[in-house]
Student: 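One structure follows; several queries about it will come next.
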Amino acid sequence: MQSERPQVYEVLDDRFRTGKCTAGDSRLETLFTDCRWAEGPVYVPAGRYLVWSDIPNDRLLRWDETTGTVGVFRSPAGHPNGNTLDNEGRLITCEQGNRRVTRTEHDGSLTVIADRYQGKRFNSPNDAAVKSDGSIWFSDPDFGITSDYEGHRAESEIGACNVYRVDPRSGEVRLVADGFSGPNGLVFSLDERRLYVSDSRANHIRVFDVRDNGTLTGGDVFAACKIGNFDNIRFDDDGRLWAAAMDGGVHCYDPDGTLLGRLLIPDAVSNIRFGGAKRNRLFITADTTLYSLVMGITGGPALPAARTEENLRWRQ
């Protein structure tokens, strides 16, 4: 007798089904299982590969889409967490252990983007988002300094967990949002008019309005997590917000804040990222494993420069 496959999709609102969110693979694909704690996947279109973090093992790993092989991208790597790409396709990495944000140049060398605010070392940068103007925004909780497991035990020099912005021209670091318990994932809306930030300790997602001068206003709660615990967040091409929710799987929210449905994952989900040739492959880091799910929907643009108002006018 053939055993039933585990259910992947949980429909909580019919828009989850009619929006083609359930029209993809019927099961998860396991790509790699030998991490200690996997985080921060980012798909690199130019090379058709994925880079992600194995934080306690202090390494970045690389999965090749064309061959399915996995190798070490960099080790040691500063106990890396979140990764993203800038407008030139260069890797931006939040290094928890080194308490800094770096850029990997095309020749493989490293450039330090930010390691201090007002002369004080950051706690442990966690996740980053790059705006189309080249500015780099990142969260700075204290997760990497509370023990030696994902970084190095230390006292906070800043004394708070905030979100910062790095100016693309001057390199100035500005505090743009505070009042967090544990800021984690962050992502811009498709038109870049809003910034969404998850707070893992408060277990909700806040939304801010983005001003032209690089400052934020607002900060109301967009969604509270009732099943699991929020980590990082991503947008699909139709403006739905997808959230890694640890033991709660992956949550999908309508732009109005309604929880539409969930992806049921057998392990605690830390991070998600859309990628693949059509941006319809969701990569999922969960506990020790890297999964993927080819879906009926498409993720937002891979590079920040493609995320412009002109490209989105047809939606209005």
Student: Find out whether R116 and V173 are in side-chain contact, i.e. whether some heavy atom of one side chain is under 4.5 Å from a heavy atom of the other.
Tutor: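 No, too far: nothing below the 4.5 Å cut-off.
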Student: State plainly whether the residues R279 and D237 are in salt-bridge range, i.e. N to O under 4.0 Å.
Tutor: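 Here R279 pairs with D237 in a salt bridge, since their nearest N and O are under 4.0 Å apart.
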Student: Which atom names give the shortest non-hydrogen contact between L264 and Q7, and what distance separates them?
Tutor: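 Looking at all heavy atoms of both residues, the closest pair is CB-O, 3.7 Å.
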Student: Would you please name every residue forming a side-chain hydrogen bond (donor to acceptor under 3.5 Å, both in side chains) with W63, sequence neighbours left out?
Tutor: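 W63 satisfies side-chain hydrogen bond (donor to acceptor under 3.5 Å, both in side chains) with no other residue.
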Student: Between D54 and R36 (salt bridge meaning N to carboxylate O under 4.0 Å), is one present in this structure?
Tutor: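 No salt bridge links D54 with R36.
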Student: State the NE2-CG distance between H251 and L12, to the nearest 0.5 angstrom.
Tutor: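 Going from NE2 on H251 over to CG on L12, the span is 8.5 Å.
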Student: What's the separation between atom CD1 in I55 and atom OH in Y149, rounded to the nearest 0.5 Å?
Tutor: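 I55 CD1 to Y149 OH: 9.0 Å, rounded to 0.5 Å.
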Student: Applying side-chain contact (heavy atoms from CB on, under 4.5 Å), can you list everything that pairs with N184, at least two apart in sequence or on another chain?
Tutor: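 side-chain contact (heavy atoms from CB on, under 4.5 Å) check on N184 returns N126, F143, S198, S200, D231.
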Student: T258 side chain to L260 main-chain N or O, any donor-acceptor pair under 3.5 Å?
Tutor: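 Pair absent, no side-chain N/O of T258 close to backbone of L260.
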Student: At their closest point, which heavy atom of N87 faces which heavy atom of S132, and how far apart are they?
Tutor: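 The answer is ND2-O, 3.1 Å.
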Student: Please determine whether side-chain contact (heavy atoms from CB on, under 4.5 Å) holds for the pair L263 and L282, giving the CA-CA distance in whole Å, both sets of side-chain angles, and the decisive distance to 0.1 Å.
Tutor: CA-CA 11 Å; L263 303 180; L282 184 67; 3.6 Å; yes
Student: What heavy-atom pair brings V101 and C94 nearest, and what distance separates the two atoms?
Tutor: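 In this case the closest contact between V101 and C94 is CG2-SG, 4.4 Å.
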Student: Using the test salt bridge (Lys or Arg N to Asp or Glu O under 4.0 Å), find all partners of D140 that sit at least two apart in sequence or belong to another chain.
Tutor: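 Residues passing salt bridge (Lys or Arg N to Asp or Glu O under 4.0 Å) with D140: none at all.
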Student: Are side-chain N/O atoms of D107 and S109 paired as donor and acceptor at under 3.5 Å?
Tutor: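 Present: a donor and an acceptor within the cut-off.
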Student: Got more than 12 heavy atoms from elsewhere within 6.0 Å of CZ, R48?
Tutor: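 Yes, the 6.0 Å shell around CZ holds more than 12 heavy atoms from other groups.
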Student: Kindly write out the residues that satisfy side-chain contact (heavy atoms from CB on, under 4.5 Å) with K278, not counting sequence neighbours, or none if the list is empty.
Tutor: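 K278 satisfies side-chain contact (heavy atoms from CB on, under 4.5 Å) with N280 only.
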Student: Can you tell me how far the CZ atom of F283 sits from the CG atom of L290, to the nearest 0.5 Å?
Tutor: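 Result: 7.0 Å between the selected atoms.
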Student: Check for me, please, whether L60 and V42 land in the same ILVMFWY cluster - side-chain distances under 4.5 Å, paths through other members count.
Tutor: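 Yes: a chain of side-chain contacts under 4.5 Å links L60 to V42.
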Student: Looking at CZ of R100 and CD of E95, how far apart are the two atoms once the value is rounded to the nearest 0.5 Å?
Tutor: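 Result: 4.0 Å between the selected atoms.
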Student: Would you be so kind as to tabulate the donor-acceptor pairs closer than 3.5 Å made by side chains of residues 295-306, with sequence neighbours excluded?
Tutor:
none

Student: Ring centres of F32 and W52 under 6.0 Å apart?
Tutor: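 Yes, ring centres under 6.0 Å apart.
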Student: For side-chain hydrogen bond (donor to acceptor under 3.5 Å, both in side chains), just list the numbers for Y117 and N162, CA-CA rounded to whole Å, side-chain angles, deciding distance to a tenth of an Å, and then say yes or no.
Tutor: CA-CA 11 Å; Y117 174 66; N162 304 315; over 6 Å; no
Student: Hey, mind stepping through D34 and T288 against side-chain contact (heavy atoms from CB on, under 4.5 Å) and telling me if it holds?
Tutor: CA-CA 6 Å; D34 198 24; T288 63; over 6 Å; no
Student: Does either side chain, that of E39 or that of T285, offer a donor lying less than 3.5 Å from an acceptor on the other one?
Tutor: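 There is no such pair between these side chains.
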Student: Measure the spacing between CG of L190 and CZ of R193 and express it to the nearest 0.5 Å.
Tutor: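 So the gap between those two atoms works out to 11.5 Å.
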Student: Just list the side-chain donor-acceptor pairs under 3.5 Å for residues 209-223, sequence neighbours left out, or say none.
Tutor:
from: N213; atom 1: OD1; to: T215; atom 2: N; distance (Å): 3.1
from: N213; atom 1: OD1; to: T215; atom 2: OG1; distance (Å): 2.6

Student: Should K131 and R165 count as side-chain neighbours, where that means a heavy-atom distance under 4.5 Å?
Tutor: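 No. Closest side-chain heavy atoms not under 4.5 Å.
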Student: Indicate the atoms forming the closest heavy-atom contact of P45 with L85, along with that distance.
Tutor: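 What the structure gives for the nearest pair is CD-CD1, 3.9 Å.
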Student: For the residue pair F274 and W242, does the interplanar ring angle fall in the parallel (under 30°), tilted (30 to 60°) or perpendicular (over 60°) class?
Tutor: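 Perpendicular.
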Student: Taking R273 for the side chain and P41 for the main chain, is one N or O donor matched with an acceptor at less than 3.5 Å?
Tutor: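 Yes, R273 side chain to P41 backbone: donor-acceptor pair under 3.5 Å.
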Student: Does the side chain of L293 reach to within under 4.5 Å of the side chain of V8, using non-hydrogen atoms?
Tutor: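 Touching, per the 4.5 Å side-chain cut-off.
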Student: Go through F188 and Y196 one step at a time and tell me if the side-chain contact (heavy atoms from CB on, under 4.5 Å) criterion holds.
Tutor: CA-CA 6 Å; F188 287 101; Y196 293 73; over 6 Å; no
Student: Do C161 and N123 come close enough that some side-chain heavy atom pair is under 4.5 Å?
Tutor: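 Yes, at least one pair of side-chain atoms sits under 4.5 Å.
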Student: Can you list the residues that meet the ring pair (Phe, Tyr, Trp, His ring centres under 6.0 Å) rule with F138, with sequence neighbours excluded?
Tutor: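 Partners of F138 under the ring pair (Phe, Tyr, Trp, His ring centres under 6.0 Å) test: F122, Y164.
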Student: Please examine the side chains of R103 and D86, heavy atoms only from C-beta on, and report whether any two atoms are closer than 4.5 Å.
Tutor: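 With C-beta onward as the side chain, the pair touches.
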Student: With the 4.5 Å side-chain cut-off for hydrophobic clustering, are L61 and V51 part of the same group?
Tutor: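 No; tracing contacts between hydrophobic side chains, which count when under 4.5 Å, never links both residues.
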Student: Shared ILVMFWY cluster between M246 and I272, side chains joined below 4.5 angstrom?
Tutor: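 Not linked; separate clusters.
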Student: Would you kindly confirm whether V11 and L28 end up in one hydrophobic cluster when ILVMFWY residues are joined by side chain heavy atoms under 4.5 Å apart?
Tutor: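 Yes, it is one cluster - the side chains of V11 and L28 are joined through contacts under 4.5 Å.
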Student: Return the set of residues passing salt bridge (Lys or Arg N to Asp or Glu O under 4.0 Å) with D13 (not counting sequence neighbours), or none when no residue passes.
Tutor: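 Per chain and number, D13 pairs via salt bridge (Lys or Arg N to Asp or Glu O under 4.0 Å) with R15.
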Student: What is the distance from atom CD1 of I265 to atom OG1 of T289, rounded to the nearest 0.5 Å?
Tutor: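 The OG1 atom of T289 is 11.0 Å from CD1 of I265, to the nearest 0.5 Å.
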Student: Side chains of T102 and I113, heavy atoms from C-beta outward: is any pair under 4.5 Å?
Tutor: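 The answer is no; the side chains never approach within 4.5 Å.
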Student: So, using side-chain contact (heavy atoms from CB on, under 4.5 Å) as the criterion, who are the partners of A154 when residues are at least two apart?
Tutor: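 Per chain and number, A154 pairs via side-chain contact (heavy atoms from CB on, under 4.5 Å) with R99, I145.
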Student: Is there side-chain contact between F235 and V187, with heavy atoms separated by less than 4.5 Å?
Tutor: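 Of all side-chain heavy-atom pairs linking V187 with F235, at least one is under 4.5 Å.
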Student: Looking at residues at least two apart in the chain, or sitting in another chain, which of them share a salt bridge (Lys or Arg N to Asp or Glu O under 4.0 Å) with R281?
Tutor: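 Salt bridge (Lys or Arg N to Asp or Glu O under 4.0 Å) check on R281 returns E29, E65.
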Student: Please check if the number of heavy atoms outside R194 that lie under 6.0 Å from its CZ is greater than 12.
Tutor: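 At most 12 heavy atoms, drawn from other residues, nucleotides or ligands, come within 6.0 Å of this atom.
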Student: Identify the heavy atoms of C21 and Y9 that sit nearest to each other, and give their distance.
Tutor: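 It is O-CE2, 3.3 Å.
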Student: Answer whether the closest heavy-atom distance between the side chains of V70 and L31 falls below 4.5 Å.
Tutor: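 Side chain of V70 against side chain of L31, heavy atoms only: no contact under 4.5 Å found.
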Student: Please report the C-alpha distance between R262 and E10 in whole Å, then the side-chain angles of each, then the deciding distance to 0.1 Å, and finally whether the salt bridge (charged side-chain N to carboxylate O under 4.0 Å, His left out) criterion is met.
Tutor: CA-CA 5 Å; R262 295 194 300 146; E10 181 182 41; 2.6 Å; yes
Student: Going by side chain to side chain contact (heavy atoms under 4.5 Å, CB included), V269 matches just one of N229, I284, N232. Which one?
Tutor: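 The single option meeting the side chain to side chain contact (heavy atoms under 4.5 Å, CB included) with V269 is I284.
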Student: Do you reckon I92 sits in the same ILVMFWY cluster as V166, going by side-chain contacts under 4.5 Å, direct or chained?
Tutor: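 Hydrophobic grouping puts I92 with V166.
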Student: Determine which pairs satisfy side-chain hydrogen bond (donor to acceptor under 3.5 Å, both in side chains) with at least one residue from residues 67-84, sequence neighbours left out, and list them in order.
Tutor: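 Applying side-chain hydrogen bond (donor to acceptor under 3.5 Å, both in side chains) to every pair that reaches into residues 67-84, excluding sequence neighbours, yields S53-N83, D64-T67, T67-T69, R74-T104, N81-Q96, N83-T93.
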Student: What are the two closest non-hydrogen atoms of E105 and T111, and how far apart are they?
Tutor: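 Heavy atoms only, the tightest pair is OE2-OG1, 2.6 Å.
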Student: Tell me every residue that passes side-chain contact (heavy atoms from CB on, under 4.5 Å) with D199, counting only those two or more places apart in sequence or in another chain.
Tutor: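 Scan of D199 (side-chain contact (heavy atoms from CB on, under 4.5 Å), adjacent residues dropped) gives F180, S181, R201, A202, H204.
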